[in-house]
Amino acid sequence: MGRRSVTGESSSRRRTRRLGRPFFDRPTVTVARALLGSELRVRDADGVRRARIVETEAYVANDPASHAYRGPTPRNRSMFEAPGTLYVYRIHQVDCANLVTRRGEAVLLRSGEPLSPQEGNPSGPGRLCRYLGLGLADDGANARRSRRVGVWSRARRPGRIVVGPRVGLSRARARLLRFAIDGDPWVSAPRLRSGSVRRDLIPPRRRTSAV
DNA sequence: CTTCAGATTATCT
DNA sequence: GATAATCTGAAGT
């Protein structure tokens, strides 16, 4: 905790913009990859918290691991709203945030690099929300329009993207729908390593311990 | 109404 | 690596 990585600035700067419908209204895997390197901003009375997204997971149609798998319920209602909607849920006393892509599909924001002056650890979906001040109250807000929450395009290119199995699931373990910036120190455990997973290969089920 | 597993994390061996 | 914490949503009776 309290670490801040040095992120070679200035060299390949880009103009950033708030991401809108064309960004979110695409296949979920596309959005999950495109979100890497983008910036999440949450405004409150004290100012703006910012984090650079370094790890995501895709939850797609007909996905047994998705909260939307059995159709709309009171909890997952936001997953069936417009692209860019925040779906925030609570598990084991922590809140986790998703961005909706297409109907019933979303991208879980798994970890980020802290960009605000405030120290903190946004590595892990619960910690990311806590660092940014995101919570259940934000469920249903739309990041395309919200004054409080927004996603901003990459200021610089991310490095290589690595792919692997999603974390913490008991079902659909074989699907490679977790994406991260290779080597980024803020990627959550278990760490993905380049070359450790073949994108086109479905690994056999393991009895214990993932990755 | 009751049961139960869970898109996590802190802490221990 | 393994487990407890701690509680809610959703499915079952």
Side-chain angles (χ1 to χ4, degrees), chain A residues 1-3 24 27-29 31-33 35-36 40 51 53-81 83-114 119-141 143 149 151 162-181 185-193 196-197 203 205-211:
Chain A
M1 287 147 233
R3 292 177 291 161
F24 294 106
T28 303
V29 166
V31 177
R33 299 178 67 106
L35 278 170
L36 297 177
L40 192 56
I53 298 169
V54 302
E55 180 185 354
T56 59
E57 282 178 357
Y59 288 85
V60 300
N62 302 313
D63 178 358
S66 170
H67 288 175
Y69 184 56
R70 297 165 190 262
T73 66
R75 176 176 66 159
N76 66 20
R77 166 189 159 69
S78 305
M79 282 189 78
F80 297 88
E81 300 290 325
T85 297
L86 282 153
Y87 165 49
V88 183
Y89 67 92
R90 169 166 292 182
I91 180 154
H92 281 88
Q93 307 306 103
V94 301
D95 294 343
C96 302
N98 298 253
L99 288 164
V100 174
T101 56
R102 288 175 172 169
R103 196 166 190 76
E105 304 189 30
V107 174
L108 172 66
L109 304 175
R110 273 203 66 89
S111 54
E113 169 191 343
E119 310 233 322
N121 181 358
S123 184
R127 295 194 198 103
L128 176 63
C129 279
R130 192 175 56 184
Y131 177 79
L132 292 169
L134 275 177
L136 291 180
D138 296 296
D139 182 48
V149 186
V151 187
V162 286
V163 183
R166 293 172 294 182
V167 178
L169 303 182
S170 64
R171 304 188 293 182
R173 303 275 299 270
R175 305 191 72 166
L176 305 182
L177 294 176
R178 181 189 184 201
F179 306 93
I181 295 176
W186 294 99
V187 173
S188 70
R191 214 64 162 289
L192 288 170
R193 289 176 39 178
S196 66
V197 179
R205 291 209 178 191
R206 290 294 176 99
R207 226 166 263 306
T208 55
S209 76
V211 184

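Below, chain A is the first sequence line, B the second, and so on; all start at residue 1. Only heavy atoms go into these numbers, but all of them, side chains included; no hydrogens, no water, no symmetry mates.
Protein atom CD of A:E55 is 11 Å distant from nucleotide atom C1' of B:dA7, rounded to whole Å. Distance, A:Y89 OH to B:dA5 P: 18 Å, rounded to whole Å. Summarising the geometry, the separation between CG on A:D139 and P on C:dT8 is reported as 16 Å, rounded to the nearest angstrom. Rounded to whole angstrom, the span from the CZ atom of A:R77 across to the C1' atom of C:dG9 amounts to 16 Å. With rounding to whole Å, A:L177 atom CG is found 12 Å from B:dA7 atom C1'. Rounded to an integer number of Å, the gap from CZ of A:R178 to P of B:dT8 is 10 Å. Counting to the nearest Å, the C1' atom of B:dT9 and the CZ atom of A:R127 are 6 Å from each other. Straight-line distance from the CG atom of A:L99 to the C1' atom of B:dA7: 14 Å, rounded to whole Å.
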Side-chain donor-acceptor contacts of residues 126-135 of chain A below 3.5 Å, not counting sequence neighbours, with atom names and distances?
from   : atom 1 : to     : atom 2 : distance (Å)
A:R127 : NH1    : A:S123 : O      : 2.3
A:Y131 : OH     : A:S116 : N      : 3.3
A:Y131 : OH     : A:Q118 : O      : 3.1

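Side-chain contact between A:E57 and A:V167 is present, with heavy atoms from C-beta onward closer than 4.5 Å. With a 4.5 Å cut-off on side-chain heavy atoms, A:S78 and A:H67 do not count as touching. When side chains are defined from C-beta on, A:Y89 does not count as touching A:D139, because their heavy atoms never get closer than 4.5 Å. Between A:N121 and A:W186 there is a side-chain heavy-atom pair separated by less than 4.5 Å. When side chains are defined from C-beta on, A:P27 does not count as touching A:V31, because their heavy atoms never get closer than 4.5 Å.
In this pair, A:Y59 lays its aromatic ring flat on the base of B:dA7, centres within 5.5 Å and planes under 30 degrees apart.
Of all the heavy atoms in A:F179 and A:A32, the pair that sits closest is CD1-CB, 3.7 Å. Pairing each heavy atom of A:E55 with each of A:S111, the nearest pair is OE1-OG, 2.7 Å.
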Can you pull every protein N or O that's under 3.5 Å from an N or O on nucleotides 10-13 of chain C?
from   : atom 1 : to    : atom 2 : distance (Å)
C:dA10 : OP1    : A:T73 : OG1    : 2.2
C:dA10 : OP2    : A:T73 : OG1    : 3.4
C:dA10 : OP2    : A:R75 : N      : 3.3

Scan nucleotides 5-7 of chain C against the protein and return all N/O pairs shorter than 3.5 Å with their distances rounded to 0.1 Å.
from  : atom 1 : to    : atom 2 : distance (Å)
C:dA5 : N6     : A:H92 : NE2    : 3.3
C:dC7 : O4'    : A:Q93 : OE1    : 2.9

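For B:dA7, neither phosphate oxygen OP1 nor OP2 lies less than 4.0 angstrom from any side-chain nitrogen or oxygen of A:S66. An OP1 or OP2 oxygen of B:dA10 is reached within less than 4.0 angstrom by a side-chain nitrogen or oxygen of A:R130. Look at A:R110 and you'll find a side-chain N or O under 4.0 angstrom from OP1 or OP2 of B:dT8. For A:R90, no side-chain nitrogen or oxygen approaches OP1 or OP2 of B:dG6 to under 4.0 Å.
Exactly one residue among A:I53, A:T56, A:V29, A:L177 makes a side chain to side chain contact (heavy atoms under 4.5 Å, CB included) with A:V107. That residue is A:T56.
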Please test A:R90 against A:D95 for side-chain contact (heavy atoms from CB on, under 4.5 Å), starting from the C-alpha separation and ending with a verdict. CA-CA 4 Å; A:R90 169 166 292 182; A:D95 294 343; 2.8 Å; yes
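By the side chain to side chain donor-acceptor pair (under 3.5 Å) test, A:S66 is found to be paired with no residue, residues two or more places apart in sequence or in another chain being considered. Contacts of A:E81 classified as side-chain contact (heavy atoms from CB on, under 4.5 Å), with partners at least two apart in sequence or in another chain: A:R77, A:T85.
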Dot-bracket for DNA chain B: what is it, with Watson-Crick or G-U pairs under 3.5 Å, [ ] where a pair crosses earlier ones, and | for a pair to another strand? ||||||.|||||.
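Separation of the P atoms belonging to C:dT6 and B:dT2 is 22 Å when rounded to the nearest angstrom.
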